[in-house]
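On a predicted model such as this, the values are computed, not experimentally measured, just so you know. In this chain, numbering begins with 1 at the start of the sequence shown.
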Amino acid sequence: MIGRRGKLLILVYVVFLTILFLMCSTDLIIREPEKDIYQIAVIIEDSRDDNYGNFRKGMEQAAMELQADVHFITLYETMDADQQMELIRREQQDGADALIVVPADEDRVISALAGGRLAVPVVLLGSGLTGEGTAGIVWTDYRMMGEKLAREMIEDTDENCLVRIFEDPGKRSVMSRLFLEGAKAEFERSGRGFESIVWEGQGPGVANPFEASVVSEAGQTAILAENPEILTEAALALARTADTPEAPPAAEGCIWGLYGRGDTLPILNYMDRGVIKGLCVTDQFSMGYLSVSTAVQVLEGGMGRKRIELDSWYVERDDLRRPEYEKLLYPVE
């Protein structure tokens, strides 16, 4: 039989266990400081998010780890600088703690920063600017990327192979402009001639460019696409030409190779099928992750890294199965 002293010890033990449980599982006794959930808006320069798949994976991974609420915003029309500036103003007024922006017009964004019209930290993406006035810049040297791709094309093709560049000057981003400048400069340095063609897209009433302007000519042609959208449409057009019985004779033999930049699933699938010969890619997952982590770091009072440069790589079909490129092109959060 338990005496009074034994009962008292049991009661003290139960009370001790209860207090210990409350201390470990609740903040009733020891209140932990609440962590702010930062509101971060990501505003890109495009009307679609097709080219931002891996970027969004990195962005969402950082948001989960750092307890940030990140929302992704596209434009109604690609490269509409007026609308982008309006969205920037709206997000700031609606209480965003930080902005991550892929500028449709870099000068206007920088001017707004310099003029004090943006009162929240801004991280710029894809820009080669110095970063003055920004919370940070996460970028890839797209001019160097263009030079790299042009060198690979020169090494890969015969000197008599015609180089044609499909361009879209009406909706050209800063990345595309730098990419083209680098590629054209490298072609000129090597003495390799090239021809620029305005890409009209694919749709009703638009002729297949490979049937009309490439396949019908003698000799071989190497195609360089300015941006991922053109590359995807060109790959589709080329695949259709090869699969069409009434296509001009030796259609496939007239195209030496299709080249460009981008890492979307359609682009990677076309490369895996052999439709696309060579690609330049960058680490979009890390770009998304680092842009969010930089914004959070600044919001928490840190200096952050003002300028983060990510490398680019040239890949071909066989590289898609290499472990280092699988991780880059098919990231898992």
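Put simply, the side chain of Val122 does not reach to within 4.5 Å of the side chain of Ile88, judged on heavy atoms. Residues Val174 and Glu45 have side chains not in contact (no heavy-atom distance under 4.5 Å, counting atoms from C-beta outward). Contact annotation: the side chain of Thr140 never approaches that of Phe179 to less than 4.5 Å [non-hydrogen atoms, C-beta and beyond]. Looking at heavy atoms from C-beta onward, Leu279 lies in side-chain contact with Leu268 at the 4.5 angstrom threshold. Under the 4.5 Å side-chain criterion, counting only non-hydrogen atoms from C-beta, Trp256 is not in contact with Met153.
Within a 6.0 Å sphere centred on CZ of Arg189, heavy atoms belonging to other residues, nucleotides or ligands number more than 12.
In this structure Arg117 satisfies the salt bridge (Lys or Arg N to Asp or Glu O under 4.0 Å) test with no other residue, sequence neighbours excluded. Under the rule for a salt bridge (Lys or Arg N to Asp or Glu O under 4.0 Å), the partners of Lys277 that lie at least two apart in sequence or sit in another chain are Asp156, Glu316. Evaluation of the ring-ring contact (aromatic ring centres under 6.0 Å, His included) rule for Tyr330 yields no partner, not counting sequence neighbours. Residues satisfying the salt bridge (Lys or Arg N to Asp or Glu O under 4.0 Å) test with Glu229, not counting sequence neighbours, are none. Residues satisfying the salt bridge (Lys or Arg N to Asp or Glu O under 4.0 Å) test with Asp319, not counting sequence neighbours, are Arg322.
Only one option out of Gln83, Arg89, Arg90 pairs with Glu86 in a side chain to side chain donor-acceptor pair (under 3.5 Å); it is Arg89.
Within the structure, every pair that satisfies the ring-ring contact (aromatic ring centres under 6.0 Å, His included) test and touches residues 65-86, not counting sequence neighbours, is listed here: Tyr52-Phe72.
Residues Met144 and Val281 do not share a hydrophobic cluster, clusters being chains of Ile/Leu/Val/Met/Phe/Trp/Tyr side chains in contact below 4.5 Å. Two different hydrophobic clusters hold Val138 and Tyr289 under the rule that ILVMFWY side chains link at heavy-atom gaps under 4.5 Å.
Under a 3.5 Å cut-off, the side chain of Glu226 and the backbone N or O of Asp168 do form a donor-acceptor pair. Under a 3.5 Å cut-off, the side chain of Ser111 and the backbone N or O of Arg108 do not form any donor-acceptor pair. Side chain of Gln84 to backbone of Leu75: no donor-acceptor contact under 3.5 angstrom is found.
Ion pairing between Arg177 and Glu181 holds under the 4.0 Å rule for side-chain N and carboxylate O.
Ring pair Phe166/Trp199 is tilted by interplanar angle, where 30° to 60° counts as tilted.
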Under the criterion side chain to side chain donor-acceptor pair (under 3.5 Å), I'd like the reasoning laid out for Thr78 against Asp46: C-alpha separation, chi angles, the key distance, then a yes or no. CA-CA 4 Å; Thr78 300; Asp46 207 339; 2.8 Å; yes
For salt bridge (Lys or Arg N to Asp or Glu O under 4.0 Å), just list the numbers for Arg321 and Asp272, CA-CA rounded to whole Å, side-chain angles, deciding distance to a tenth of an Å, and then say yes or no. CA-CA 10 Å; Arg321 300 291 180 267; Asp272 199 28; 3.0 Å; yes
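In this model, no donor atom of one side chain and acceptor atom of the other lie less than 3.5 Å apart for Ser312 and Arg261.
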